[in-house]
Protein chains: 2
Amino acid sequence: MRGNVLDPNCPTRKVLDRVADKWSVLVLILLADGPLRFSQLKRQIGGISQKMLTQTLRKLERDGLVNRTVTPTVPITVEYSMTPLGRSLAGAVGAIRTWAETNFDHIVTAQQTYDTSAQAG
Amino acid sequence: MRGNVLDPNCPTRKVLDRVADKWSVLVLILLADGPLRFSQLKRQIGGISQKMLTQTLRKLERDGLVNRTVTPTVPITVEYSMTPLGRSLAGAVGAIRTWAETNFDHIVTAQQTYDTSAQAG
DNA sequence: CAGCATCCGCTATGATACTG
DNA sequence: CAGTATCATAGCGGATGCTG
């Protein structure tokens with residue numbers, strides 16, 4: 001059996017919603033390179049709030065995409081890493097990242113063209 | 001020059017926001033298979049409202065990812081198709097779609113495990 | 001058919017303060 | 001360090017009605 005993202009009742013949609021989340025994408029991108037601690041993630045993802053990072057990590061953990069490892073040091077140490085499932089997704093997500101970083105200038109140009117043409121005013 | 005999605009001030013982030021939009025992803029998936037009219041898109045994307053579809057298509061058009069072609073029939077006919085830029089993105093998006101549709105059951109299972117383990121109650 | 005304008009509730013997100 | 005809890009708010013997105 002295979003899901004269908006076009007069906008609003010298909011669980012696939014939920015998955016897509018998760019994947020189609022800005023913060024999730026960024027976390028997956030970072031963890032793809034190796035495990036990171038909470039504060040490291042927060043520092044590297046510009047603009048994310050502590051609340052959103054926690055929320056995102058919980059969701060990813062619940063989905064079985066990310067592992068959460070607690071080391072009872074003082075103060076406590078928590079490390080996040082990819083599960084095999086998460087790693088399998090990371091490839092596709094990485095492609096999005098690469099695309100965004102290499103084509104954003106085309107988009108910016110297209111927007112300027114659009115805004116200054118007939119549509120404007 | 002290449003962007004950096006981790007920088008909140010980089011335009012790449014805007015691109016990511018667009019890509020990380022549920023409706024945009026679904027529209028791109030459908031248009032990747034060929035041009036479609038407004039009502040066809042609306043019918044095929046379960047759960048989307050007319051407002052959201054219009055909004056999504058405008059954004060995609062502005063970003064230079066989608067072409068909008070008006071044929072002055074009666075009643076009017078509007079066809080949406082992919083631009084080359086959009087097509088280049090569709091590949092990456094398609095990978096996400098495939099992943100979602102093939103792995104959603106793993107995620108559902110992971111969620112159940114998570115919900116019924118120590119985290120619950 | 002394709003789309004715009006309006007009203008409006010919901011919830012997603014950010015800011016802030018507190019804990020172990 | 002790694003969270004949890006609470007509050008306030010912007011804007012997403014649905015429902016409805018109108019147009020060419």
Side-chain angles (χ1 to χ4, degrees), chain A residues 5-6 8-9 13-27 30-31 35-63 66-81 114 118-121, chain B residues 7-9 13-14 16-27 30-31 35-63 66-81 114 118-121:
Chain A
V5 289
L6 300 175
N9 297 320
R13 268 288 183 83
K14 302 271 184 191
V15 178
L16 203 67
D17 285 5
R18 181 69 24 80
V19 173
D21 176 59
K22 179 177 55 173
W23 299 131
S24 293
V25 168
L26 294 176
V27 168
L30 281 175
L31 291 184
L36 287 172
R37 305 210 341 232
F38 185 89
S39 53
Q40 292 177 314
L41 283 167
K42 176 139 173 37
R43 221 173 307 120
Q44 295 197 44
I45 303 177
I48 195 171
S49 68
Q50 180 267 352
K51 175 181 173 179
M52 278 299 97
L53 181 53
T54 299
Q55 214 171 90
T56 301
L57 288 168
R58 285 292 172 284
K59 288 178 184 173
L60 292 174
E61 187 193 359
R62 189 173 104 101
D63 288 349
V66 161
N67 280 320
R68 179 172 181 271
T69 312
V70 180
T71 310
T73 52
V74 180
I76 199 172
T77 302
V78 181
E79 190 182 74
Y80 292 92
S81 59
Y114 183 95
Q119 281 78 5
Chain B
D7 178 2
N9 297 320
R13 269 290 182 85
K14 302 272 185 191
L16 203 66
D17 285 4
R18 181 68 24 82
V19 172
D21 178 57
K22 179 177 54 172
W23 299 130
S24 293
V25 168
L26 294 176
V27 168
L30 280 174
L31 291 183
L36 288 172
R37 301 201 355 225
F38 185 89
S39 52
Q40 292 177 314
L41 283 167
K42 177 140 172 36
R43 221 173 307 120
Q44 295 197 44
I45 302 178
I48 195 171
S49 68
Q50 179 267 343
K51 176 182 173 179
M52 279 298 98
L53 181 54
T54 300
Q55 214 171 89
T56 302
L57 287 169
R58 286 293 170 283
K59 288 178 185 173
L60 292 175
E61 187 193 359
R62 190 173 104 100
D63 288 348
V66 161
N67 281 320
R68 180 171 180 272
T69 312
V70 181
T71 309
T73 53
V74 180
I76 198 173
T77 302
V78 181
E79 190 182 74
Y80 292 92
S81 59
Y114 182 95
Q119 281 78 6

Practice task
Report, as a single string ordered 5' to 3', how protein heavy atoms within less than 4.0 Å touch nucleotides 9-20 of chain D: B base, S sugar-phosphate only, - not at all.
Solution key: ----BBB-----
Problem - Heavy-atom pair of closest approach, residues Ala20(B) and Asp21(A) - result: CB-C, 4.1 Å
Handout entry: salt bridge (charged side-chain N to carboxylate O under 4.0 Å, His left out) against Lys22(A), all qualifying residues, sequence neighbours excluded
Key = Asp17(B)
Completion exercise
Per-helix bend value, the helix from dC1(C)-dG20(D) to dG20(C)-dC1(D), C1' rotation axes over five pairs per end, 10° rounding, shows 50°
Hey, can you pull the donor-acceptor pairs under 3.5 Å for the side chains in residues 46-58 of chain B, sequence neighbours left out?
from     : atom 1 : to       : atom 2 : distance (Å)
Ser49(B) : OG     : Met52(B) : N      : 3.2
Gln50(B) : NE2    : Thr54(B) : OG1    : 3.4
Thr54(B) : OG1    : Gln50(B) : O      : 3.0
Thr56(B) : OG1    : Met52(B) : O      : 2.7

Exercise for the section: On DNA chain C, reading 5' to 3', which nucleotide is the first and which the last to sit with an atom under 4.0 Å from a heavy atom of chain B, could you check? Expected result: dC1(C) to dC7(C)
Problem - Positive for side chain to side chain contact (heavy atoms under 4.5 Å, CB included) with Tyr80(B), one of Val66(B), Leu60(B), Asn67(B) - result: Val66(B)
Practice task
State the CG-CG distance between Leu31(B) and Leu26(B), to the nearest 0.5 angstrom.
Solution key: 11.0 Å
Completion exercise
Ordered by number, residues from residues 36-44 of chain B within less than 4.0 Å of DNA chain C (heavy atoms) are Arg37(B), Phe38(B), Ser39(B)
Exercise for the section: Return the minimal non-hydrogen interatomic distance between Leu36(A) and Leu30(A), and the atom names on each side. Expected result: CD1-CB, 3.9 Å
Practice task
Output yes when a side-chain donor or acceptor of Arg37(B) lies under 3.5 Å from a complementary backbone atom of Glu79(B), and no otherwise.
Solution key: no
Problem - Nearest heavy-atom neighbours spanning Val27(B) and Ile45(B) - result: CG2-CD1, 3.7 Å
Practice task
Give the minimum heavy-atom separation between Val70(B) and Arg68(B), together with the two atoms involved.
Solution key: CG2-NH1, 3.6 Å
Practice task
Heavy atoms only: give me the nearest Asn9(B)-Asp7(B) pair and the separation to one decimal.
Solution key: N-OD1, 2.9 Å
Exercise for the section: Take atom NZ of Lys42(A) as the centre, draw a 6.0 Å sphere, and report whether it contains more than 12 heavy atoms from other residues, nucleotides or ligands. Expected result: yes
